[in-house]
S.K.: 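Can you keep this structure in mind? I'll have questions shortly.
Atoms within each ligand, like the ligands themselves, are counted from 1 in listed order.
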Amino acid sequence: MNPAAETPPVTSRKARVAIVPRQQLDFDLDGDIPRFWFGGDAFKTRFFDAMSTLFPEGERFFIACVRDFRDDIRDPELQQQVRDFMRQEAQHGKVHSDFNARLSRQGVRVDLIEAKSRSMLQWFRRKAPARLCLAQTAAAEHMTSIMAHGFFDRPEVFADADPRIRAMYVWHGVEEIEHKAVAYDVLKDVARAGYFTRVFAMLYVTLLFPMHVFAIMRHMLRIDGFSARQRLAMWAKGLVWLYGPGGLYVPMLRDYLAYYRPGFHPWQGGQMRSYARWLEVFDRTGSALAAGNAVHARV
Ligand SMILES: [Fe+2]
Ligand SMILES: [Fe+2]
């Protein structure tokens, strides 16, 4: 279905859906989850694990960058959205920290990864104007929301993943969709950032984010004990899985490029069928695990 036919364009800051901070969800992550939880595939597993190690510090950075402008927000609706955005992101950081403790027990140097991310992000906040930090946040929020939309569009991508970890990522994706326009609206309407700042920040994030993820994956695959030859083969196959024809990122390209349009707004894109399905099951059962499975039930 053409998403444009399903979703009328929205150019105001009105959220299409309510931003609902959800807490104390149980994904059963203490259960017996295999080390390579993504269908036994080390590369795919470590791709998502690496992102998870970046989330707690990243989410703290996003919250701080939006908070810098909170006192200047005059619109009570946007003020409330900012509060809900911060509560959602704080919860994401907490859940991923718990998940990352599992990675630490496997020998992953989560402590070092977090210390490096923290010093880099703090350095950026000291050196760069607050508006540019916020522009980075809005760019990263666009990335996370198009990934969420992309994964929901293609549930088959996650078919082999452990349902518990998948449910954690699906919940995170649901909330990324709900608050996807908040940082952007603050950037445009409150910080009054221009086109160049917005686009420059997106180029920066586009370059830096995969570089960090790949560096962390390199460390993870080493401590997993794979030989240099095995790792080379994994990278060759894995990069095709990410960027090759039919790869994970390819269908997201159009939504990614939309960010460079002068009249862009986050609520102009993204299908909401899987989101609605998740919400319906979650509201009925109270189970994030059941809701995550429901999104992938048609695989
Ligand atoms: Fe998040
Ligand atoms: Fe977010």
S.K.: Please name the atom of His92, restricted to N, O or S, that is closest to the Fe ion (ligand 1).
M.R.: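 Of the nitrogen, oxygen and sulfur atoms in His92, the Fe ion (ligand 1) lies nearest to ND1.
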S.K.: Let me see the working for Asp224 and Arg231 under salt bridge (charged side-chain N to carboxylate O under 4.0 Å, His left out), right down to the final yes or no.
M.R.: CA-CA 10 Å; Asp224 286 334; Arg231 280 183 273 130; over 6 Å; no
S.K.: The Fe ion (ligand 2) is nearest to which N, O or S atom of Glu176?
M.R.: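 The closest N, O or S atom of Glu176 to the Fe ion (ligand 2) is OE1.
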S.K.: With the Fe ion (ligand 2) at the apex, how many degrees lie between OE2 of Glu141 and NE2 of His179, rounded to 10 degrees?
M.R.: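 Roughly 120°, rounded to 10°.
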S.K.: If you count every heavy atom of other residues, nucleotides or ligands that lies below 6.0 Å from Asp111 atom CG, does the total exceed 12?
M.R.: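 Yes, the 6.0 Å shell around CG holds more than 12 heavy atoms from other groups.
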S.K.: Should the pair Arg22 and Phe282 be classed as cation-pi, given the thresholds of under 6.0 Å to the six-membered ring centre and 45° from the axis?
M.R.: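 Cation-pi check for Arg22 and Phe282: passes.
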S.K.: Once the angle between the rings of His265 and Tyr184 is folded into 0 to 90°, is it parallel (under 30°), tilted (30 to 60°) or perpendicular (over 60°)?
M.R.: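 If you compare the ring of His265 with that of Tyr184, the planes turn out perpendicular.
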S.K.: With a distance cut-off below 6.0 Å to the six-membered ring centre and an angular limit of 45° from the axis, does Arg273 pair with Phe152 as a cation-pi contact?
M.R.: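 No - Arg273 does not lie over the ring of Phe152 by the 6.0 Å and 45° rule.
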S.K.: Report the name of the N/O/S atom of His172 located nearest to the Fe ion (ligand 1).
M.R.: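 Nearest N/O/S atom: NE2.
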S.K.: Which is the closest N/O/S atom of Glu89 when seen from the Fe ion (ligand 2)?
M.R.: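 In Glu89, the N, O or S atom with the shortest distance to the Fe ion (ligand 2) is OE2.
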